[in-house]
Structure formats: structure tokens, C-alpha cells
Amino acid sequence: MLGSPIGKFVLFGMTLSLFYHLANGIRHVVWDLGHGLDIKSANASAVVVMAFAIAATIAVWVIAGMTGAV
Amino acid sequence: MASYRTPLSRARGLGAAGHGVGTWLGERVGGIALVPLCLWGVFAAMRLAAHDYAYAVQWVAQPVNATLLVLLFAVSFWHMHDGLRVVVEDYIHKTLSKAGLLLLNLFVCGLAGALSILSILKVAFSGGVS
């Protein structure tokens, strides 16, 4: 089921969601520590979080492809 | 000296329950614990996807893998409970609906967590034989 095209599509989406949630969670912890709360920093960290999520997801799926996991 | 306040009035005047800090900290601790656990989980999933069923069984049977899997699932469902709880508390204001949804949230997350942990332990303790 997970190996089907739909299964892989869902797994890809879950990878993206997980990395986005992970990075945004770290962003919230940094906010809780009192850093990066001004608008400029908040906007910048939003872009960093999205870029990380996309980059990490692509990296995982490229490595998965190279190691025969896909 | 006699108090003219009713017991209910006194209880209402006490304010917050006083364990907000513990709840708040628990949410952060769970989230921070999930950072390394999730990274390991993605790494583990990639390895397992590249191998067959027998490999997966003996992989889960290794103590370090079984332990990290149990921690990943336990903390994940705890974190899921914490997150959904905040959503319910923020948006549901009718007492009965709120109480019902909070109970449902706890029971569903508790059931999912218990089921996943038992499943991991079952493979961990009986695995390797397959």
C-alpha cells in the first residue's frame, strides 16, 4: 500500500509536513526563549522554515532513491 | 471570625489551578525530545524501506531500536494530545462540548499510544524468530 504511487505521494507529503512541523517547532522554542520576535526576524524565520522543509524533504527522497528505499 | 463567603464563592475566587507552568513546560519538553527522535525516525524509515520484512523484524528486535521506537511513539502521541488539547481549549467554549472533546482527545491518543507501544514490544520480544 505504501509502495503504490498514492502511498508514495502520501509519504512524500508526510515527510514535508514532518520537516515543516519540526522546523516551525524549533522556531516556536526560539520565540519562547525571547528571540526573533520582531516582525523582520519573524518573516525571515518563516522563509527559513519553509526552505528547510522543502530542502530536507528533497534530500530524504533523493537519498531514499539512491539507497533503494523508493 | 466567621466568613460570609459561600464555599462556591471562595472556590471561584481562587483563580487558576496553579499548574499552568508544569503543563507549559511539559509541552516544550515533549516537542524538544521529538526533534532528535523524529530525525532518527526518518532515518530508520529510509533504512527499513530499503530492506525486506525479515530485516524489519530483526531490526525492531534490537533493544536500541525498540527503545527509540517506543519513545518516538509515546512522545509523539503525548505531543499530539498536548497540541489538540490546546486547540479544543482555545476554540470550544461550551463546557459539555469542551469536556467531551478533551476526554475524547485523551482517550484516542492514549489508545493509539498504548496500541503502538504494545505492537512494538510484541515484535521486540517475539521477533528475530519470525
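A, B, ... follow the sequence lines: proteins, then strands. Residue 1 opens every chain. Because the structure is a prediction, the values reported are computed rather than measured.
- Interface residues of residues 18-27 of chain A toward chain B, defined by a heavy-atom distance below 4.5 Å and sorted by number: A:L18, A:F19, A:H21, A:L22, A:I26.
- In this structure, CG on B:L106 lies 12.5 Å from CG on B:L101, to the nearest 0.5 angstrom.
- The candidate from A:V70, A:V29, A:D32 with the greatest count of non-hydrogen atom pairs under 4.5 Å with chain B is A:D32.
- A:L33 CG: more than 12 foreign heavy atoms inside a 6.0 Å radius.
- From B:L118, atom CG reaches atom CZ of B:F73 across 13.0 Å, with rounding to the nearest 0.5 Å.
- Under the side-chain contact (heavy atoms from CB on, under 4.5 Å) criterion, B:L8 pairs with B:T6, B:R12, sequence neighbours left out.
- The number of heavy atoms from other shown groups lying within 6.0 Å of CG (B:L96) does not exceed 12.
- Aromatic ring pairs are classed by plane angle as parallel below 30°, tilted from 30° to 60° and perpendicular above 60°; the pair A:W31 and A:H28 is perpendicular.
- Identified by a heavy-atom distance below 4.5 Å to chain B, the contributing residues of residues 40-68 of chain A are A:V60, A:I63, A:A64, A:T67, A:G68, in residue-number order.
- The side-chain heavy atoms of B:W59 and B:H51, taken from C-beta on, include no pair separated by under 4.5 Å.
- A heavy-atom distance below 4.5 Å is found between the side chains of B:F77 and B:S116.
- Between the CG atom of B:L72 and the CD1 atom of B:I117 there is a distance of 10.5 Å, given to the nearest 0.5 Å.
- Considering only heavy atoms from C-beta on, B:N105 stays 4.5 Å or farther from B:M80 through its side chain.
- Heavy-atom minimum distance, B:A56 versus B:L48: CA-CD2, 3.7 Å.
- The distance from atom CG of A:L11 to atom OG of A:S4, rounded to the nearest 0.5 Å, is 9.0 Å.
- Using a 4.5 Å cut-off between non-hydrogen atoms, the part of residues 26-46 of chain B that approaches chain A consists of B:R28, B:I32, B:L34, B:V35, B:C38, B:L39, B:V42, B:M46.
- Separation of atoms NE2 (B:H93) and NZ (B:K98) is listed at 8.0 Å; rounding is to 0.5 Å.
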